[in-house]
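For reference, the structure is listed below as structure tokens.
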Amino acid sequence: MDTKFSEAADASVPEKRSRGARVSGIDRALQILDFLQAEMKPAGAYAVAKAVGAPLSTVYVIIEDLVEKRLLQRRSDGTVWLGPRLYHYGLAYAESLDFLNVATHEMQDLCREVEETIQICGRDGDHMIVMAMADGPGHFRVTSKVGSRVPLNWTASGRLLLGHLPDEERLKVFRHAAKVSPTGRANTNPETLSEASAAALRERLSIQINESDFSVACIASPICQPSGECIATISIVLPEHRVVQDRDRYTNAVRKAAERIEATLGWR
């Protein structure tokens, strides 16, 4: 570990052991990276320090070290953003996941079948995150891209990702995770959300229309391990009028795609 990280450790932590200082430095670095990921945009050192609750001098030192190691990159306006080294780490990690390889292949097949945008989504704390995506061939485009994070209650996938949890745990998550959506149409009632989540997983289907974006619908099916845990979803994102016109076509297609992923992985 570089000296910079040791010096950047929070001054409030007594340096009784060198290991303690090193852990503090790593924690601060992770806080900075987590903040930038959550914001999904570059930020200045002052904004970072305020968000993570660290002294500005500490944040400056750690940012400089991260920039030097290409874990962060500095922009012309002085703000910092995630660096190219993280991208290579992410690629290596993604290639090691049999699940994501299988799911991505099925995502591409489903995209060609229904000619709509397809997403593979997972859970990141109180949010749903887009893990992989295939754009449909038409002019319809969605705002969410790979890496996008939205509150769990805004999406069809978000509800499925909590469906396997015990009732009390699922209710607890929705109580602090539910947020008002841009359209104002996403349900924020924890009890209603919890019941809908469990029902959606049982039916292996969840549909939302106009909850996160106007005129946009999402039809999702869960990808579950043998234990019953929903580790991800596969979903079709499309204009709302197409769901009304041909609901069965899309619901049947997305359910079968999820089943094929599970079968390929030996989970069914």
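- S235 contributes atom OG, which lies 7.5 Å from atom CD1 of I120 (distance to the nearest 0.5 angstrom).
- For the residue pair I234 and A257, the shortest heavy atom distance occurs at CD1-CB, 4.0 Å.
- Taking CD from E195 and CG from N187, the interatomic distance works out to 10.5 Å, rounded to the nearest 0.5 Å.
- For the residue pair C224 and W267, the shortest heavy atom distance occurs at O-CE3, 3.3 Å.
- For the pair V150/I129, no side-chain contact is recorded, criterion being any heavy-atom separation below 4.5 Å from C-beta on.
- Side-chain N/O atoms of R170 and S194 include a donor and acceptor closer than 3.5 Å.
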**Request:** Step by step, work out the side chain to side chain contact (heavy atoms under 4.5 Å, CB included) result for R149 and M128.
**Result:** CA-CA 5 Å; R149 300 165 71 252; M128 181 214 78; over 6 Å; no
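- Side-chain contact between D135 and E116 is absent, with no heavy-atom pair separated by less than 4.5 Å.
- With a 4.5 Å cut-off on side-chain heavy atoms, K145 and M133 count as touching.
- Two different hydrophobic clusters hold L66 and M40 under the rule that ILVMFWY side chains link at heavy-atom gaps under 4.5 Å.
- Rounding to the nearest 0.5 angstrom, the gap separating the OG1 atom in T188 from the NZ atom in K179 is 10.5 Å.
- E211 CD to T183 OG1: the interatomic distance, rounded to the nearest 0.5 Å, is 7.0 Å.
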**Prompt:** Hey, mind stepping through V61 and D65 against side chain to side chain contact (heavy atoms under 4.5 Å, CB included) and telling me if it holds?
**Reply:** CA-CA 6 Å; V61 171; D65 208 18; 5.8 Å; no
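- For the pair K256 and E113, the salt-bridge criterion is not met [side-chain N within less than 4.0 Å of a carboxylate O].
- For the atom pair CG (D98) and OG1 (T264), the distance works out to 11.5 Å, reported to the nearest 0.5 Å.
- Under 4.0 Å is where a charged nitrogen must lie from a carboxylate oxygen, and between E106 and R260 at least one such pair does.
- Following chains of ILVMFWY side-chain contacts shorter than 4.5 Å, one cannot reach L71 starting from Y60, and the two form parts of different hydrophobic clusters.
- Salt-bridge check for E64 with R74: passed, with a basic side-chain N closer than 4.0 Å to an acidic carboxylate O.
- With contacts defined as side-chain heavy-atom distances shorter than 4.5 Å, the pair S197/F174 qualifies.
- Of the possible donor and acceptor atoms, one in the side chain of S221 sits under 3.5 Å from a partner among the backbone N and O of R204.
- The side-chain heavy atoms of L33 and L82, taken from C-beta on, include a pair separated by under 4.5 Å.
- R249 places no side-chain N or O within donor-acceptor distance of the main-chain N or O of V243, the cut-off being under 3.5 Å.
- Without hydrogens or angle criteria, D124 side chain to H127 main chain gives no donor-acceptor distance under 3.5 Å.
- A pairwise comparison of heavy atoms in W81 and R75 identifies CB-CD, 4.3 Å as the closest pair.
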**Message:** Assess the residue pair T155 and L161 against the criterion (side chain to side chain contact (heavy atoms under 4.5 Å, CB included)); give the C-alpha distance rounded to whole Å, side-chain angles, the decisive distance to 0.1 Å, and a yes or no.
**Reply:** CA-CA 10 Å; T155 66; L161 290 164; over 6 Å; no
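- When side chains are defined from C-beta on, Y250 does not count as touching I207, because their heavy atoms never get closer than 4.5 Å.
- A donor atom on one side chain and an acceptor atom on the other are not found under 3.5 Å apart for R242 and Q245.
- Hydrophobic clustering (side-chain heavy atoms under 4.5 Å, transitive across Ile, Leu, Val, Met, Phe, Trp, Tyr) groups V67 together with Y89.
- Using a 4.5 Å cut-off between side-chain heavy atoms of Ile, Leu, Val, Met, Phe, Trp and Tyr, with links allowed through other members, L201 and I231 fall into different hydrophobic clusters.
- Atom NE2 of H105 is surrounded by 12 or fewer heavy atoms from other residues, nucleotides or ligands within 6.0 Å.
- Distance check: C111 SG to I236 CD1 gives 10.0 Å after rounding to the nearest 0.5 Å.
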**Request:** I would like to know whether Y46 and V59 meet side chain to side chain contact (heavy atoms under 4.5 Å, CB included); could you show each step before the answer?
**Result:** CA-CA 8 Å; Y46 178 79; V59 170; over 6 Å; no
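- For the pair N153 and R159, the tightest heavy-atom approach, listed with the atom from each and the gap, is O-NH1, 3.4 Å.
- The two residues P151 and A177 make their nearest non-hydrogen contact at CB-O, 4.0 Å.
- Using a 4.5 Å heavy-atom cutoff, the side chains of L100 and M131 are in contact.
- Contact annotation: the side chain of Q73 never approaches that of V80 to less than 4.5 Å [non-hydrogen atoms, C-beta and beyond].
- Between T117 and G136 the shortest heavy-atom distance is OG1-N, 3.2 Å.
- Placement of I261 and L160 in two distinct hydrophobic clusters is found when ILVMFWY residues are connected by side-chain heavy-atom separations under 4.5 Å, directly or transitively.
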